[in-house]
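Working notes, structure below.
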Amino acid sequence: MSGALRLPPGWRLAAFDEIGSTNDEAKGLAKSGTPEGMVVWAKRQTAGRGREDRRWESQDGNLFCSLLLRPGGPVPELGFAAALATAEALFDGGVSLKWPNDVLLNGRKVAGILLEAAADWMVVGIGVNLVSYPEGTPFPATSLQAETGRVETPAAILENLCMRLFQWYRLWKGEGFTPIREAWLEYAHPVGTELVARTPISTTKGRFKDLDKDGTLILELADGGLHRVAAGDVYFAS
Ligand code: BT5
């Protein structure tokens, strides 16, 4: 890949034409002591991963990147910052966020985020469907081009995304999760939206009530009780 990318101060780029998974590359760099701010970007992934080792379809022309941070431990809150930064980088009025870290365009998934972390590193992997998307996924997918007709290069979106994420990360260091949580709520499904939360052991239907101070999803059940979801998949009830 050619052409210099404008990155935030101190951030550096490792660019590949093809790679297994940008997250795996970033994890390797993390373990070998690379300082934070390393951005791994690939044109193509042959083994792109979602959460729970699911597959992430990684067609040419879409964006695949992973950012190495060292926030001092695993910080799931930064996944919300990454989703927000991705939403902002797309500059489109149809963008919204779905718990925990999905970015939707007109209600369909346009980007996903994979967080991996250990005691002294965190890798934030982001995949954005710019020009194509897979058919037949359990949660409907889409691309920026399919929804808006806009054709953006991965480089342009990556630049915007890094700028926005840098700013959220700096804010998080100063003020914690509060401003990220508030901004996330502005983009998220409105309070009262009927959601179905699935974990490996349960399926729970309820109305979106709030995002807790630690990023936990709070649902209000039909009987008025509250149900907290720390990890899982969320669908819109139909
Ligand atoms: C995610 O997982 O949404 C996280 C995806 C993270 C991908 C990036 S790409 C750069 C970096 N390197 C990696 O190896 N990964 C990260 P999850 O919520 O588990 O969603 C995965 C599910 O979404 C799959 O099981 C499919 O049903 C569906 N899916 C697969 N590919 C998709 C795509 N391109 N667009 C939308 N949905 C997709």
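Reckoned from all heavy atoms, side chains included, excluding hydrogens, waters and symmetry mates. For ligands, and for the atoms within them, numbers begin at 1 and follow the listed sequence.
- For atom 37 (N) of ligand 1, the closest non-hydrogen atom on the protein side is Trp56 CZ3, 3.7 Å.
- In Arg54, the CZ atom is crowded: over 12 heavy atoms of neighbouring residues, nucleotides or ligands sit closer than 6.0 Å.
- Note: no N/O pair closer than 3.5 Å links Thr137 and ligand 1 by distance alone.
- Near Cys65, meaning under 4.0 Å from any of its heavy atoms, are these atoms of ligand 1: 10 (C), 11 (C).
- Of all the atoms in ligand 1, the ones that sit under 4.0 Å from a non-hydrogen atom of Gly112 are 3 (O), 4 (C), 5 (C), 6 (C).
- In summary, Asp210 and Arg181 engage in a salt bridge, as defined by a charged side-chain N under 4.0 Å from a carboxylate O.
- Note that CG of Leu69 and CH2 of Trp11 are 6.0 Å apart. Values are rounded to the nearest 0.5 Å.
- Of the N or O atoms in Asp233, none lie within a sub-3.5 Å distance of an N or O in ligand 1.
- Ring geometry, Phe139 versus Phe236: the interplanar angle falls from 30° to 60°, so the pair is classed tilted.
- Note on Trp56: it does not cluster hydrophobically with Leu63, by side-chain heavy-atom contacts below 4.5 Å among ILVMFWY residues.
- Distance from atom 3 (O) of ligand 1 to its nearest protein heavy atom, with residue and atom name: Lys109 NZ, 2.7 Å.
- Near Ser66, with a cut-off below 4.0 Å to any heavy atom, the atoms of ligand 1 are 11 (C).
- Of all protein heavy atoms, the one closest to atom 27 (O) of ligand 1 is Pro138 CD, 3.2 Å.
- Between Arg207 and Glu220, none of the side-chain N atoms (NZ, or NE/NH1/NH2) sits under 4.0 Å from a carboxylate O, so this pair counts as no salt bridge.
- Here the heavy atom of the protein found nearest to atom 31 (N) of ligand 1 is Glu57 N, 2.9 Å.
- Exactly one residue among Leu5, Val39, Thr34 makes a side chain to side chain contact (heavy atoms under 4.5 Å, CB included) with Arg12. That residue is Thr34.
- At a heavy-atom cutoff of 4.0 Å, ligand 1 is contacted by no atom of Asp24, backbone or side chain.
- Counting heavy atoms under 4.0 Å from ligand 1, residue Ile126 touches it through the backbone alone.
- No part of Ser58 comes within 4.0 Å of ligand 1, judged by heavy-atom distances.
- A salt bridge is defined here as a Lys NZ or Arg NE, NH1 or NH2 lying under 4.0 Å from an Asp or Glu carboxylate O, and Glu52 with Arg198 fails to meet this definition.
- Closest to atom 9 (S) of ligand 1 among all protein heavy atoms lies Gln45 NE2, 3.4 Å.
- Placement of Val131 and Phe64 in two distinct hydrophobic clusters is found when ILVMFWY residues are connected by side-chain heavy-atom separations under 4.5 Å, directly or transitively.
- A heavy-atom distance below 4.5 Å is not found between the side chains of Lys109 and Thr137.
- Heavy-atom contacts of Gly48 reach the following atoms of ligand 1: 14 (O) (cutoff under 4.0 Å).
- For atom 2 (O) of ligand 1, the nearest non-hydrogen atom from the set Arg51, Arg49, Arg54, Glu116 belongs to Arg51.
- Heavy-atom contacts of Arg55 reach the following atoms of ligand 1: 24 (C), 30 (C), 31 (N) (cutoff under 4.0 Å).
- Taking the side chain as every heavy atom from C-beta outward, Tyr187 and Glu88 approach each other to under 4.5 Å.
- Note that CG of Leu90 and CG of Asn160 are 8.5 Å apart. Values are rounded to the nearest 0.5 Å.
- The protein heavy-atom contact nearest to atom 8 (C) of ligand 1 is Gly127 N, 3.6 Å.
- Taking a cut-off of under 4.0 Å to the non-hydrogen atoms of Asn129, the atoms of ligand 1 that pass are 33 (C), 34 (N), 35 (N), 36 (C).
- Tyr133 does not count as a contact of ligand 1, since none of its heavy atoms falls under 4.0 Å from the ligand.
- Each of the atoms 10 (C), 11 (C), 12 (N) of ligand 1 lies under 4.0 Å from some heavy atom of Thr22.
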